[in-house]
Number of protein chains: 2
Amino acid sequence: MISMRSKYAIKALTYMARTRDKESYLIADLATAENIPKKFLEAILLTLKSQGILTSRKGPGGGYWLAKAPNTITLGSIIRAFEGDLAPVQCLSENSPGSCPECQDAATCATRLVMADVQKAISEIIDTVTLADMIERSEFERQRLSKQLDFSI
Amino acid sequence: MISMRSKYAIKALTYMARTRDKESYLIADLATAENIPKKFLEAILLTLKSQGILTSRKGPGGGYWLAKAPNTITLGSIIRAFEGDLAPVQCLSENSPGSCPECQDAATCATRLVMADVQKAISEIIDTVTLADMIERSEFERQRLSKQLDFSI
DNA sequence: CTATAGTCTATCATGTCTATAGATAAGCAG
DNA sequence: CTGCTTATCTATAGACATGATAGACTATAG
């Protein structure tokens, strides 16, 4: 299960990518628009900034905005900002290395071998999908469903 | 990250599948052999029994043993016994259904669509690999490494 | 100088995870 | 029937992560 942080981050970022008219977004407005607890969102946006996904400016006229184009922001980079690297087992973690405490022989550990495949499969999906892709996919689905409705009438 | 429960379960089951000579295994022996806290292992074996992976008998001569052949016990069934269905988001959970609390429109939710792909990718791996496969893979790796050693001498 | 808006620190409740202790129940041997 | 063996159940404790809130602090436009 991905955390609420990740989901709120996706919602806020998607909102910004969808409505590119404004040049900056206030925490309060994002919180209201996407129904996210304001104080919680604060910390989330700060994390996204530290990952180079958002930029911000203080003071009047300030706020947050996307640091990169939506088609260059991957879902993986968003999720990993909150969930860490998505290692299914400790010994496959890159940013916080170390062997699994219970493992007797990492070299021949079948669990590690299989889990490496799992990790790769996950990465291949989430590191390929971008924010732009997600908005497009959502819009496509919306239209597909409204057409289905037309037929059923 | 999969839990220690899952890892201990895999270790205990692999041990039983590897040494098929004995007709039953004592909790205490499994705990010693695989270096697992005995009391903790108790609960784990009980869960595996409730999932139909193990069978048991009390009293002298009793113990635990595999309820099925190792090539019919999937890694997925073991992991799911402890981690639940591996739904990346609430709305994709089958055994504890319900929509994600923050979701406004599940039908067009891009996160759900992508995560469904992730869930499928994970399942395709772990539901295909069996206990027998893992033992074989581990043994293969052991031999491969010892051959590599031969060359390097 | 002051209102605005992001940033930082601390705290809280709740829940899960790993692990341990102690009591209980089933089953075999004599 | 007694006693030993072995699984099973209930309860608890400590550590940590998660979701969320409160309040003080800092930068900046005008």
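Keep in mind that the numbers below use all heavy atoms, side chains included, and drop hydrogens, waters and symmetry copies. Chain A is the first sequence line, chain B the second, and so forth, proteins listed ahead of strands; every chain is numbered from 1.
When each of Ser3(A) and Lys58(A) is assigned the nucleotide of DNA chain D with its nearest heavy atom, Ser3(A) is the one assigned upstream, toward the 5' end. Projected onto DNA chain C by closest heavy-atom contact, Gly61(B) and Gly61(A) fall at different nucleotides, the more 5' of which corresponds to Gly61(A).
For Ser93(B) and Ser96(B), the side-chain atoms include at least one donor-acceptor pair closer than 3.5 Å. Residues Ser3(A) and Glu83(A) have side chains that bring a donor and an acceptor to within less than 3.5 angstrom of each other.
Taking the side chain of Lys39(B) as heavy atoms from C-beta on, and the options dG19(D), dA22(D), dT20(C), the nearest nucleotide is dT20(C). Comparing dA29(D), dG19(D), dA7(D) by their closest approach to the side chain of Pro60(A) singles out dA29(D). The side chain of Leu26(A) lies closest to dG6(C) when the candidates are dG19(D), dT20(C), dG6(C). When distances run from any side-chain atom of Met4(A) to the nucleotides dG19(D), dT18(C), dG27(C), the shortest one goes to dG19(D).
In this entry the distance linking CD1 of Ile36(A) with C1' of dT21(D) reads 16 Å, nearest Å. Distance Glu42(A) CD to dG23(D) P: 13 Å, rounded to the nearest Å. Atom CZ of Phe82(A) is separated from atom P of dG19(D) by 11 Å (rounded to the nearest Å). Rounded to a whole Å, the CG atom of Leu46(A) is 13 Å from the C1' atom of dA5(C). Distance CD1 (Ile2(B)) to P (dT16(C)): 19 Å, rounded to an integer number of Å. Between the NZ atom of Lys49(B) and the C1' atom of dA26(C) there is a distance of 10 Å, rounded to whole Å. Between Phe40(A) atom CZ and dT9(C) atom P the separation is 18 Å, expressed in whole Å. Atom CD in Gln90(A) sits about 17 Å away from atom P in dC17(C), given to the nearest Å.
No side-chain donor-acceptor contact under 3.5 Å links Lys38(B) to the backbone of Ala31(B). A donor-acceptor pair is defined here as one N or O able to donate and one able to accept, closer than 3.5 Å; such a pair exists between the side chain of Ser50(B) and the backbone of Thr47(B).
Across all strands, Leu45(B) comes closer than 4.0 Å to no nucleic acid atom at all (heavy-atom distances). Among the heavy atoms of the strands lying under 4.0 Å from Tyr8(B) are primed sugar atoms or P, OP1, OP2 only; no base atom is included. As judged by a 4.0 angstrom heavy-atom cut-off over every strand, Pro37(A) is placed among residues touching the sugar-phosphate backbone only. Residue contacts for Arg5(A): at a heavy-atom cut-off of 4.0 Å it reaches a base atom on one of the strands shown.
Note on Lys22(B) versus Asp29(B): no salt bridge recorded, every NZ/NE/NH1/NH2 to OD/OE distance being 4.0 Å or above.
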